[in-house]
Amino acid sequence: MDIQRYLREKKEIVDAALEGYCPDPGGTGFEMDYPPSLHRAIRHSLVDGGKRIRPILSMAAFEAVGGKGDGILPFACGLEMIHTYSLIHDDLPAIDNDDYRRGRPSCHKVFGEAMGILAGDGLLTEAFRVMTTPTSVDPAIVLEIVHEIARASGISGMVGGQVADIESEGKEVDLPTVQYIHTHKTGALILASVRTGVKLGGGNEETLRALTHYGQRIGLAFQIVDDILNVEGKTELLGKRTGSDLFKGKATYPSLLGIDSSRRMAGELMESAIDVLHPFGAGVEPLKEIAKFIILRES
Ligand code: GRG
């Protein structure tokens, strides 16, 4: 299959749905887009940016288990809103102090620090509003999915991993610590994206187990590749500054194992992720190709 085309088409669907959740200040109704400064900051970071890998994974998993229709879209958008909030906050002066994100100045550079904090807060909260807006989906399934996404984003997931990351800066850390950071800071939301698709698509226990294995492996591989790109990647392709991990003394796979071993480990994780999908037929082809894309990506 043509994975680039698949990713492009899915990204277009996600982009259009996100656009629908983001009122354009000066566009439609007054109440909807007030206060305009907040909507401008959110649009700057959310609309048309990034690879949309988390929503695409949720859609690919949903379709792999036989899910039909667009019931996955509010969850796909919610996952992307949570991810975008984390990027906005990650770039703040108090965290990574990055000026550049997704090929444009970071949110706080354009709109100021207070607005960066509030745009992130707004997006995190909006994600849960969007995902819990009543639809025809069984509320018990929505509750289960939202609970899992909250867990993956918060103290036991992304935020916990981010704190461990910050506290490890400039220190000598061991492999289990780096693994904790990566599986929580980045892996947890990626895993939750895959599991959201399976649960909403009606996957059975066996499929959920297999795709959980898949999601755990690609989640860790994604951050290892992110570490490698921070050393070897091109700023113009990544749309963000490179070399910052080394400068800050961050705990990464390349700093601990070197580039070659890190690349080997990411490759092994990708193979393990794909292996577990073999019994499931053609429907899982996009998931296999996404795993390969994660390893080979340049941005
Ligand atoms: C609450 C103040 C406060 C801060 C929290 C939670 C948090 C800040 C940061 C999370 C850490 C983080 C940003 C993890 C994700 C790391 C990562 C791999 C980002 C890049 O993801 P891509 O490549 O980016 O999917 P695009 O731009 O393509 O969406």
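Atoms within each ligand, like the ligands themselves, are counted from 1 in listed order.
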- ligand 1 atoms nearer than 4.0 angstrom to some heavy atom of Gly50 are 26 (P), 27 (O), 28 (O), 29 (O)
- Message: Just by distance, no angles: are the side chains of Ser45 and Arg101 close enough, under 3.5 Å, to form a donor-acceptor pair?
- Response: no
- Might you point out which heavy atoms bring Ile88 and Gly116 nearest each other, and give the distance in Å? CG2-O, 3.3 Å
- Message: Just to verify, what does Arg8 make a salt bridge (Lys or Arg N to Asp or Glu O under 4.0 Å) with, not counting sequence neighbours?
- Response: none
- Query: Which is closest to atom 17 (C) of ligand 1 by heavy-atom distance: Arg102, Gln162, His184, Gln223?
  - Reply: Gln223
- Are the side chain of Asp2 and the backbone of Gln4 linked by a donor-acceptor contact shorter than 3.5 Å? yes
- May I ask whether Arg54 has any heavy atom positioned less than 4.0 angstrom from an atom of ligand 1? yes
- Any idea which atoms of ligand 1 are less than 4.0 Å away from a heavy-atom of Asp226? 18 (C)
- Query: For ligand 1, is there an N or O atom under 3.5 Å from any N or O atom of Arg101?
  - Reply: no
- Does the side chain of Thr252 come under 3.5 Å of the side chain of Asn230 through a donor N or O and an acceptor N or O? no
- Task: With heavy atoms under 4.0 Å as the rule, classify the contact between Ile95 and ligand 1 as side chain, backbone, both or neither.
- Result: side chain
- Query: Hey, is Lys51 touching ligand 1 through its side chain, its backbone, both or neither, going by heavy atoms under 4.0 Å?
  - Reply: both
- Query: Out of Arg52, Met158, His89, whose heavy atom is nearest to atom 6 (C) of ligand 1?
  - Reply: Met158
- Any heavy atom of Lys185 under 4.0 Å from ligand 1? The part involved is both
- Item | Step-by-step side chain to side chain contact (heavy atoms under 4.5 Å, CB included) determination, Val231 to Thr242 | CA-CA 6 Å; Val231 179; Thr242 55; over 6 Å; no
- Does any N or O atom in His83 lie less than 3.5 angstrom from one in ligand 1, N or O only? yes
- Are Arg297 and Phe222 in a cation-pi setup, meaning NZ or CZ lies under 6.0 angstrom from the ring centre and within 45 degrees of the ring axis? yes
- Task: Counting heavy atoms only, name the option from Leu87, Thr186, Ile82 that's nearest to atom 19 (C) of ligand 1.
- Result: Leu87
- Looking at CD of Glu268 and CG of Asp275, how far apart are the two atoms once the value is rounded to the nearest 0.5 Å? 11.5 Å
- Message: Below 3.5 Å, N or O to N or O, backbone or side chain included: is there any such pair between Asp90 and ligand 1?
- Response: no
